[in-house]
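Labels below follow one simple rule: chain letters A, B, ... track the order of the sequence lines, proteins then strands, and each chain is numbered from 1. Below, each value reflects all heavy atoms present in this structure, side chains not excepted, and no hydrogens, waters or symmetry copies.
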2 protein chains.
Amino acid sequence: MLNEVIFYTLEKAIKRYRQFAQAGIDRRGIDITIDQWLVLNVIRDMPDVGQMDIAEQVFKDQASIARIIELLVKKGLLDRTTSLADRRKLDMKLTESGCQLIADVAPAIAQNRMQALSGLDEAVVEQLKCWLEIIFLNCSIHSSESTQQLHDEHA
Amino acid sequence: MLNEVIFYTLEKAIKRYRQFAQAGIDRRGIDITIDQWLVLNVIRDMPDVGQMDIAEQVFKDQASIARIIELLVKKGLLDRTTSLADRRKLDMKLTESGCQLIADVAPAIAQNRMQALSGLDEAVVEQLKCWLEIIFLNCSIHSSESTQQLHDEHA
DNA sequence: AAAATAAATATGATATATCATAATATGCAA
DNA sequence: TTGCATATTATGATATATCATATTTATTTT
């Protein structure tokens, strides 16, 4: 019965993909998690954003990002210095080995994506993205009115 | 750039749905997490399966299931006695309040699903499920041969 | 300028997930 | 029947996520 529910299928697919992708990275002997890699990527592409923004990008909260950054620094993949312009902020920059790691992981990720999507052409993937986006938006309505309605409905 | 990746969209959609669905349950003042509810459901529908099977159904590991069951028992939603037939196993049965809770949650879940899928008709949902299933299968190939190929490719 | 407010990051407490392994019970082989 | 392999659940160690809040710095108000 669970199998009939789309959200179950969704969860199933993404969880399996994550395992699969992580295995692809591990297999190459690279010591990083998908989530750490994601954060590292965001920082590389947008070095000036704060932890809140990163958190939003990768769907975690600020505290989680702080701890992942801590980890990345400990692993020597990231340099962190307090910003001169605004001493609340951090200047972050990938280290050499951080850049190297990103480069090393790239083929694993590409290969993972390829294999995961085999049999689905570009048009299908676009359609899929579009529908998932609709679900996302449907779930993003923070309406307190509809909250009330929901309550009333079963009052 | 992250936005272009299907797996990112996938993760985004499922995470947002989870928040959304949990909020729908919380809002009704029901004290259970989606994952606890899922496990409770599986046990109700298939009372005789072991923790390994439950784990597989909900994509967690056996240890997590053991702890969730522990919780459900503590919350008084589940009765657990060692099985007479096989004393390694547990006989599990929802308590009255466990059944009640499932019943109470049902409308929240239904409402959540409805709203999350609004604008997507049944055919679309079926197609979506089908494609997600393909991704799942693509990621389920535990081939050690292809592992070797992957390595060679970048040797 | 002083006080109040806001912004950015860090951290304690807690919950949950996961790995490895322990503890217990069963079933099979000899 | 005794011993060994297997099956089932529990648990310690560790990692990660999340909430609430603390800490530090910047900005705004008066």
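- Applying the ring-ring contact (aromatic ring centres under 6.0 Å, His included) definition to pairs two or more places apart or across chains, none involves residues 86-114 of chain A.
- Within the structure, ring-ring contact (aromatic ring centres under 6.0 Å, His included) pairs that include any residue of residues 100-134 of chain B comprise Trp131(A)-Trp131(B) (at least two apart or interchain).
- For Asp26(A), the side chain to side chain contact (heavy atoms under 4.5 Å, CB included) criterion is met by Gln22(A), not counting sequence neighbours.
- With sequence neighbours excluded, the residues that form a salt bridge (Lys or Arg N to Asp or Glu O under 4.0 Å) with Glu126(A) are Lys129(A).
- Remark: C1' of dT9(C) and CD of Glu56(A) are 17 Å apart, rounded to the nearest angstrom.
- Counting to the nearest Å, the C1' atom of dT9(C) and the CG atom of Leu72(A) are 16 Å from each other.
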Side-chain polar contacts of residues 63-77 of chain A - donor-acceptor pairs under 3.5 angstrom, sequence neighbours left out - could you list them?
from: Ser64(A); atom 1: OG; to: Asp61(A); atom 2: OD1; distance (Å): 2.7
from: Lys75(A); atom 1: NZ; to: Asp31(A); atom 2: O; distance (Å): 3.1
from: Lys75(A); atom 1: NZ; to: Gln36(A); atom 2: OE1; distance (Å): 2.7

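- Heavy-atom distances under 4.0 Å link DNA chain C to Asp86(B), Arg87(B), Arg88(B) of residues 77-95 of chain B, given in residue order.
- Under the rule for a side chain to side chain contact (heavy atoms under 4.5 Å, CB included), the partners of Ser118(B) that lie at least two apart in sequence or sit in another chain are Asn138(A).
- Judged by distance alone, with hydrogens and angles left aside, the side-chain atoms of Thr95(A) form a donor-acceptor pair with the main-chain N or O of Gly98(A) at under 3.5 Å.
- The interatomic distance linking Met52(A) (CE) with dA20(D) (P) rounds to 14 Å, in whole Å.
- When the P atom of dT9(D) is taken as reference, atom CD of Gln51(B) falls 5 Å away, rounded to whole Å.
- Considering only residues two or more places apart in sequence or on other chains, Asp53(B) meets the side chain to side chain contact (heavy atoms under 4.5 Å, CB included) condition with Val49(B).
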Which parts of nucleotides 12-22 of chain C does protein reach within less than 4.0 Å, heavy atoms only, written one letter per nucleotide 5' to 3' as B for base, S for sugar-phosphate only and - for none? BB--SSBB---
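- Evaluation of the ring-ring contact (aromatic ring centres under 6.0 Å, His included) test over residues 49-88 of chain A, restricted to residues two or more places apart or in two chains, returns Phe59(A)-Tyr8(B).
- Every pair tested for ring-ring contact (aromatic ring centres under 6.0 Å, His included) that includes a residue from residues 63-120 of chain A fails, sequence neighbours excluded, so the list is empty.
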Watson-Crick or G-U pairs under 3.5 Å in DNA chain D, rendered as dot-bracket with [ ] for crossing pairs and | for another strand: ||||||||||||||||||||||||||||||
